[in-house]
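This report concerns only the one structure given below.
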Amino acid sequence: MKHLFKKGFSMIFCLFLIFASASVVNAAANPNPSWSVDERVIFHNQCSPYDYYAAKDPTIVYYNGKYLVYYTGANKSGGWQMCFTSASTIEGLKTAPRTYLSKIGESYFCAPELFYFEPQKLWYLVYQDGTYGAAYATTTTPDDPNSWSGPKSFGISGNMGWDYYVICDDQYAYMYNTPSDGSGKLYMRKTTLANFPNKAGAHQLLHVQMFLKEQQFTKVLPTINTICLLKP
């Protein structure tokens with residue numbers, strides 16, 4: 001598989017907002033991974049007022065010697081905006097300066113995913129917003145939070161919801177998301193690499209098995225508002 005995405009790390013907000021090491025392309029999957037939770041890395045209210053109540057939904061890559069983190073902040077008014085921070089070490093993220101993404105600057109934009117799309121030699125920031133639903137911005141310098149060109153629309157409609165996430169194989173780009181109807185379903189759209197980011201096509205319903213532990217896991221999500229490091 002070609003290196004369509006160059007990610008140093010990917011981050012997932014589950015019980016905690018988590019840092020997890022990126023997988024090596026074509027590496028065998030570990031069917032029984034073991035993880036341990038380390039200390040908190042990013043606290044809320046460090047990019048006030050934009051993350052006054054929570055810092056969540058982080059996405060991270062290692063680029064030019066620094067860990068770049070884009071994340072969602074929950075503000076005092078109940079709104080959601082995106083913030084940025086970076087540091088040369090994970091430890092350094094605790095005290096690194098925060099930046100509100102004023103270049104995009106919508107009243108509602110959150111849940112970012114940062115990745116490099118090699119066919120176009122562009123960095124993409126995929127997120128949800130109040131204008132297009134599924135939106136994106138692009139840049140050639142992801143370490144500059146003021147360099148993003150956006151928001152732009154994927155040009156799709158129907159089953160608009162939360163937490164859009166894009167991955168690729170050698171032929172297609174796939175966009176996953178869960179709808180906002182409370183059904184707990186997962187949807188996927190796809191388009192060819194040549195057509196990305198346009199012509200995503202109709203959604204497909206994915207049947208995802210939820211285990212008891214995972215169901216219990218998600219019940220405590222609203223209570224968590226810090227980012228912790230999860231190490232293998």
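All values reported here derive from a predicted model rather than from experimental measurement. Heads up: numbering here begins at 1 and tracks the sequence.
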Sorted by chain and number, sequence neighbours left out, salt bridge (charged side-chain N to carboxylate O under 4.0 Å, His left out) with Lys103 holds for none
d(Ile90 CD1, Glu39 CD) to nearest 0.5 Å is 11.0 Å
In terms of heavy-atom contacts, Ala137 and Ile104 come closest through CB-CD1, 4.1 Å
Requested in this report: Take Asp163 and Gln128 through the test side chain to side chain contact (heavy atoms under 4.5 Å, CB included) and record every step on the way to the result.
Outcome: CA-CA 7 Å; Asp163 302 330; Gln128 63 198 49; 3.8 Å; yes
Note to self: So does Arg98 get a backbone contact from the side chain of Gln46, meaning a donor-acceptor N/O pair under 3.5 Å?
What the structure shows: no
Minimal heavy-atom distance between Tyr52 and His44, with the atoms involved, is O-CD2, 3.0 Å
**Asked** Checking side chain to side chain contact (heavy atoms under 4.5 Å, CB included) for the pair Thr192/Tyr172: CA distance, chi angles, key distance, verdict?
**Response** CA-CA 4 Å; Thr192 63; Tyr172 295 100; 3.9 Å; yes
Sorted by chain and number, sequence neighbours left out, side-chain hydrogen bond (donor to acceptor under 3.5 Å, both in side chains) with Ser86 holds for none
With sequence neighbours left out, the residues meeting ring pair (Phe, Tyr, Trp, His ring centres under 6.0 Å) with Tyr100 are Tyr50
Taken in chain and number order and not counting sequence neighbours, the residues that satisfy side-chain contact (heavy atoms from CB on, under 4.5 Å) with Asp143 are Tyr63, Asn64, Leu68, Thr141
task = Can you label the angle between the Trp148 ring and the Tyr70 ring as parallel, tilted or perpendicular, going by 30° and 60°?
result = perpendicular
Only distances under 3.5 Å count here; give the side-chain donor-acceptor pairs of residues 76-83 to other protein atoms, sequence neighbours excluded, each with its distance to 0.1 Å.
residue : atom : partner : partner atom : Å
Gln81   : OE1  : Asn75   : ND2          : 2.8
Gln81   : NE2  : Ser107  : O            : 2.8

Rounding to 0.5 Å, atoms OH (Tyr71) and CD1 (Ile60) come to a distance of 12.5 Å
When every non-hydrogen atom of Tyr187 is compared with those of Pro179, the smallest separation belongs to CE1-CG, 3.2 Å
Please check this pair: side chain of Asp51 against backbone of Cys47, looking for a donor-acceptor N/O pair closer than 3.5 Å. yes
pair Phe117-Thr138: side-chain heavy atoms closer than 4.5 Å:
no
On a heavy-atom basis, the closest approach of Ala173 and Phe196 is CB-CD1, 3.5 Å
Point to revise | Cys110 backbone acceptor or donor facing Thr72 side chain under 3.5 Å | key: no
Interatomic distance, NZ@Lys190 vs CG@Asn195, rounded to 0.5 Å, equals 12.5 Å
side-chain contact (heavy atoms from CB on, under 4.5 Å) filter on Asp129, not counting sequence neighbours, yields Glu106, Phe109, Tyr127, Thr131, Tyr132, Ala135, Pro151
Minimal heavy-atom distance between Ala87 and Gly92, with the atoms involved, is CB-C, 3.5 Å
Could you go step by step and tell me if Val126 and Asn177 meet the side chain to side chain contact (heavy atoms under 4.5 Å, CB included) rule?
CA-CA 11 Å; Val126 176; Asn177 81 285; over 6 Å; no
CH2 of Trp162 to CG of Asp57, rounded to nearest 0.5 Å, is 11.5 Å
Taken to the nearest 0.5 Å, the spacing of Leu93 CG from Lys66 NZ works out to 10.5 Å
Between the CZ atom in Arg189 and the OH atom in Tyr176, the distance rounded to the nearest 0.5 Å is 13.5 Å
Practice prompt. Go through the steps for Thr139 and Asp144 under the test side chain to side chain contact (heavy atoms under 4.5 Å, CB included), then give the verdict.
Written response: CA-CA 9 Å; Thr139 186; Asp144 179 3; over 6 Å; no
Tyr124 and Pro197 have their tightest heavy-atom pair at OH-CD, 3.6 Å
